[in-house]
Amino acid sequence: MEVPMQCSLWESVLELTKVAQEKGGDPLVWAIQVSSCLSSSGVSLPSLELANFLVSHICWENNLPIAWKFLEKALVIKIVSPIIVFPLLSSRVIQNRHLRPAAYRLYMELLRRHIFTLKIHVNMQSYKKILNFLDSVLHLTEVFGMHADEPGVLVVEIIFSIVWQLLDASLDDEGLLQLTPEKKSRWPTKTEDMEIDGCIADMERNEHKERLKNLNTLLAIELIGQFLQNKATARILYLARQNMPVHWGAFVQHIQLLAGNSSALQSSSIISPKALLQLASDAHNLIKANSLQEYVRSTSRSLDTCAGFCFGSSRSSLWLPLDLLLEDAMDGSQVNATSAIEIITDLVKSLQAINATTWHETFLGLWMAALRLVQRERDPIEVPVPRLDTRLCMLFSLITLVIADLIEEEESEAFEGTRRGDVVSCLQYLGDYQSLLTPPQAVTTAANQAAAKAMMFRSGINTSTSYFECINMKDMPTNCSGNLHHLIVEACIARHLLDTSAYFWPGYVNGHMNQLPASMPTQVPGWSSFMKGAPLTPAMINTLVSAPASSLAELEKIFEMAVKGANDEKIAAATILCGASLILGWNIQEHTVNFITRLLSPPVPTDYSGKESHLIGYAPMLNVLLVGIAPVDCVQIFSLHGMVPQLAASSMTICEVFGSCAPNISWTLTTGEDISVHAVFSNAFALLLKLWRFNHPPLEYRVGDVPPVGCQLTPEYLLLVRNSHLVSSGNMLKDPNRRRLATVASSSSPNPIFVDSFPKLRVWYRQHLACIASTLSGLVNGTLVCQTVDVLLNMMFKKINSGSQSLISVTSGSSSSSGTGSEDTSPRPKLPAWDILEAIPFVVDAALTACAHGRLSPRELCTGLKDLADFLPASLPTIVSYFSAEVTRGVWKPVFMNGTDWPSPAANLSNVEEQIKRILAATGVDVPSLAAGGSSPAILPLPLAAFVSLTITYKLDKASQRFLNLAGPALESLAAGCPWPCMPIVASLWTQKAKRWSDFLVFSASRTVFLSNNHAVIQLLKSCFNATLGLNSSSISSNGGIGALLGHGFGSHFYSGISPVAPGILYLRVYRSIRDIMFLREEIVLLLMQSISEIAHSELPRQRLNKLKIPKNGKKFGNVSLAATMTRVKLAALLGASLLWLSGGSGLVQSLIKETLPSWFLSVHNTNQEGDIGLLVPMLKGYALAYFAVLCGAFASGVDSLSMASKRRPKIIGRHVEFIASVLDGKISLGCDPATWHAYVSGFVSLMVGCTPTWVFEVDAELLKRLSKGLRRWHEEDLALALLSIGGIGTMGSAAELIMEASS
């Protein structure tokens, strides 16, 4: 019965329509009659069937004005939906627009009147039927590749398809469709030939038809502009742009074609081609920002023109995290498994997004941060840590590579970016900052040469690199005074970021050169003559070692010689690569680092057939390389370039091979020096142990949920990172830095490497861990290890053991193998290094025990240990490991450093105490007295006393330097782990030996004040906030900013005596040794909140705090500048986020977001305390926390999905959004001020939407919908819409429904 009833119903509707049509009845009366008929029959309105009926009725048997009027009235009284009517009309009218231009015109008039008042009047029950019907007509699923599961998604597809059909129809009308890549439209826009004959009789006269067609084309184009301008439809199209990027890209291409070629558009008085392009290029982002986003822009506008060293609270403070990161990278006590290029790149992208700055401003901020880094140590004191060379590497090599990688990343995308042009403009602008560009004395000559090169080029004088090899700059006819700007430009030209047109920039060089000096040597040894075939004579080698290569071709020739040349050539090539090209060859430094790293894993010769490792034949070259890169600056340079994992893998291989060889092989170098397998092994072993924190106390690995940054640098971890580079090499990587690392990793070995690949190393490593974990055990009499122990003890203490019974032995009885009688020559054991290392802990334990029981004097102990270290330098790390473990166990009695048995620090201990107090003066931290009443003798734990006594027996020469570089940080770490004042005592002893290191040693001692005193750490952090924000006039600079935080470095050479160290520098050198960093989360949040209260009261009059509200324009209210206040609030958040991220990395940030912040909001805070009066301060606190949270997340995991850290981000951010949504849903009650919570949520969401949209896309769609509903309950409709708009396909429907609801 249902089918006949339906048929009779629509027959009745048809009859009503025909009668009204024939009589010319009132369309409104007709519409009311049809509505009544359908309602009485139980048909829900608006009706899909009626829409289909009316469109079918018109097209084309009743293509009459009255029929179109009926359709319009049906739309007016809402018995049909425009969302259904217009797709049906589009599918029929647009392709017949040439045959029926009047119908096309009526269609567009209806579209103009009704499509812009969007409201979808369907329920989900009828929605499925509507979707299936429209999809069968328009094939939307096939076109867009997605199934519209929600009404809102269907609306987006329909609006987008209608506009696109109008666009393609307009292109076709003007003959432009053939110029599109597809040569046709994906929509049916062309007239079907078979309809032409049947409709000819109905056509208007040709002349009128052509005029109407032209008018229709213009109307269609203007209608497209209206779609892009109308608030509702523009937002709908924005959703299409966000979620259909491929289709939107094709759509924009068609728009560009229309704008560039359409005569109709040119004639329009309503919209211009430029306006149409602007509307479509960025989809006219109509998602309105809330107050916090306006503050982001208002506090990030014009670039301040202030320059100089200390910038105060100026524009440069936006880049404070960069200054902290770059300064932190200079800490030679720690290498990093991750390339500094990758870390800096991610940070730069995060700051650019959150600061809302242009790339011109961003690049300028990066260069200026690097220049400040250099200027802080422009006149460095002599210390055993990386200094000026590493800073210059950062400025000229790494920063340039970061910018080059950012440009390549942009240019690899389909669209054309602005970064390359912004680099040029920012470098031109950089030349105005003369106070930052003054070169340190060490690079003055290089800067002058760069300026001379530019001057010659401008003067038309053709010169080459060989010219500067032949002439002294003093002989130049014109004064060529260069600065750091010239060297930066040369670095950019070398990496193709600039061309030589930079030499013609106004003011780049001054003066003109008409001639070259008359007297020039015809030929001198140098890179140019080497490239022309000159032999590697000693003079040539010395020249190439002292002068950096200027091109990759020069390095490639040296590398080829190292791989394929004779032994002498291999040694010479290795020496050259480790010379000036490594330290000063900034323009090609990444290639030098790569070549050296590859040479440490040389290939197997094609004709090699030996049973032993092929590395034995490369021993002289490997030793030169290992010694050449041993200095602290060199190791740090490799670390900055991300080569630590590959260096570790190469070092492990060398150690495994040479440590397994008996010391019966040696090599004589051309210099006459003999090297043994033990020497090669020791150098490789020393390098390996520099690459992970072997020397740090075991407590670091056990306290807190999140271990200190860097302690994961175990051999296993380093190999894991190296293997990840190898895996990456098989993919098409977008990141140029990862490609570089992958190339080096794959060139050494195409297969993954694991610790199990090195059996001997694995045994030693397990013993090392066992020694840390518990006391020594397992030595069995008669075993090879036991015999080795006795032989080593006999070698170390042969004079003492010359009697009938050994005083020191691990065996018992008169048959001890330690030897008896005066004829014992105590031969050195001819054992592989690994066998010796296995015995070292037992040797040191026996010696220390003998000293503790008085059988061995302290002097004899130190002499014996020194003999052992001289015999096998690689034994020093094992000695360090044993001493470190024994100190932490606390089982050894302390010894008196009285100057008789042990060296005495009394000569300068009081001076060290006074200098420590001066250094810490700016922090307000109390320095414990070194001796109560000044009469207590200095004491140290026996292992520490033995170790410091051992280290001061070393000469401060180049041969000992690489092992002191290993022992020094270990000694500092060991002393720092002991009770106060062990480290000042050690510093006093060492300053007596190395007075030129006095400032550094005292500074190191001052850091230990904080290691066991969390209160002192908190006070130091507070000093950092006060100095940066200018909250305390007693700080180094009351102006605040980067200069106050980081100062000018440290050392007595700056002033007449040592001075207070800037709190930021002090903290950066302290935090790595803080054993439990978890407390930093709560303390930094607390300090941030305290700082906001102080900022508010220092900026705003107290009497106005109750009355002030945040204005919409973010500028002034009641003659008070809130923009200035917000700038300082943001600076406080920047500082807090930077310190937290640097201190604990991604682990501490995750813990903050998951635990600390929710706990803070749940807790009740004292809102009546000083500084919290009124609504403004709680709101500022909420905004500060929002900045803080987003900044922490961005620093730890980036703002895009390219970094490895971003893989863990969705879970962390999703959990935090879940917490926010649950509070908004009423499931969780808070204890904090409601104004703080409201400001935090709106600020956090606003920053995610405006600065980190990728985060929003990664959050679960249902969670975003919940959050959006909560925001709407707060009347934050624009923010709720913005959130849904970038949430992906899953939220597109909800966003569209919200748009329609707002427009109805």
Side-chain angles (χ1 to χ4, degrees), residues 333 384 686 689-690 693-699 768 771-772 775-776 796-797 837 840-852 856-898 901-905 938-956 960 962-994 997 1001 1004-1005 1008 1073:
S333 67
L689 297 187
K690 288 176 187 176
R693 291 163 68 100
F694 86 100
N695 56 292
H696 282 247
L699 287 176
H768 165 76
C771 180
I772 290 176
T775 56
L776 285 175
M796 296 164 59
F797 308 110
L837 288 184
I840 295 295
F842 301 102
V843 171
V844 181
D845 183 70
L848 203 62
T849 301
C851 183
L856 196 65
S857 71
R859 183 180 298 275
E860 291 165 339
L861 172 65
C862 294
T863 302
L865 292 176
K866 181 63 165 58
D867 289 342
L868 176 61
D870 288 343
F871 164 61
L872 182 66
S875 63
L876 189 59
T878 304
I879 296 173
V880 172
S881 175
Y882 171 81
F883 281 152
S884 298
E886 292 303 307
V887 164
T888 58
R889 279 190 267 275
V891 298
W892 299 92
K893 292 182 179 180
V895 297
F896 295 100
M897 311 303 289
N898 52 20
D901 299 319
W902 299 94
S904 172
I939 59 173
L940 292 178
L942 175 59
L944 177 57
F947 189 33
V948 68
S949 300
L950 170 62
T951 58
I952 61 178
T953 63
Y954 277 86
K955 295 180 180 180
L956 300 182
S960 301
R962 57 182 176 272
F963 297 104
L964 281 176
N965 290 341
L966 189 67
L971 175 62
E972 182 183 346
S973 176
L974 179 58
C978 296
W980 182 268
C982 288
M983 184 59 202
I985 292 172
V986 170
S988 299
L989 292 170
W990 256 96
T991 53
Q992 297 175 36
K993 178 179 179 64
W997 292 355
L1001 293 166
S1004 297
T1008 59
S1073 299

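Note that this is a predicted model, so its numbers are computed, not measured.
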Between the main-chain N or O of [Y] and the side-chain N or O of [X], is there a donor-acceptor pair closer than 3.5 Å?
X	Y	result
D867	D870	no
S973	P969	no
T849	D845	yes
R889	S884	no

Is there a side-chain contact between [X] and [Y] (heavy atoms, below 4.5 Å)?
X	Y	value
L971	L944	yes
F947	L940	no
L876	Y954	yes
I939	V895	no
F896	D901	no
V880	L974	no
S904	N898	no
V887	W892	no

Can you tell me how far [atom2] of [Y] sits from [atom1] of [X], rounded to the nearest 0.5 angstrom?
X	Y	atom1	atom2	answer
M897	I985	CE	CD1	7.5 Å
T953	K866	OG1	NZ	5.0 Å
L861	L942	CG	CG	7.0 Å

Taking every non-hydrogen atom, the tightest pair across [X] and [Y]:
X	Y	result
P903	I952	CG-CD1, 4.0 Å
W902	C851	CZ2-SG, 4.0 Å
A975	M983	CB-SD, 3.5 Å
A874	L837	O-CD2, 3.6 Å
P943	E886	CG-CB, 3.9 Å
C982	C978	SG-CB, 3.5 Å

Check the pair E860, S857 against side-chain hydrogen bond (donor to acceptor under 3.5 Å, both in side chains), reporting the backbone distance first and the verdict last.
CA-CA 5 Å; E860 291 165 339; S857 71; 3.1 Å; yes
Start with the C-alpha distance between I840 and L868, add both sets of side-chain angles, then the distance that settles side-chain contact (heavy atoms from CB on, under 4.5 Å), and finish with yes or no.
CA-CA 9 Å; I840 295 295; L868 176 61; 3.7 Å; yes
Given L848 and F883, is the side-chain contact (heavy atoms from CB on, under 4.5 Å) satisfied, shown in steps?
CA-CA 10 Å; L848 203 62; F883 281 152; 4.0 Å; yes
R859 atom CZ, over 12 foreign heavy atoms within 6.0 Å
no
side-chain contact (heavy atoms from CB on, under 4.5 Å) between K993 and T951: does it pass, once the steps are laid out?
CA-CA 10 Å; K993 178 179 179 64; T951 58; over 6 Å; no
May I have the step-by-step check of side-chain contact (heavy atoms from CB on, under 4.5 Å) for W997 and T991, ending in yes or no?
CA-CA 7 Å; W997 292 355; T991 53; over 6 Å; no
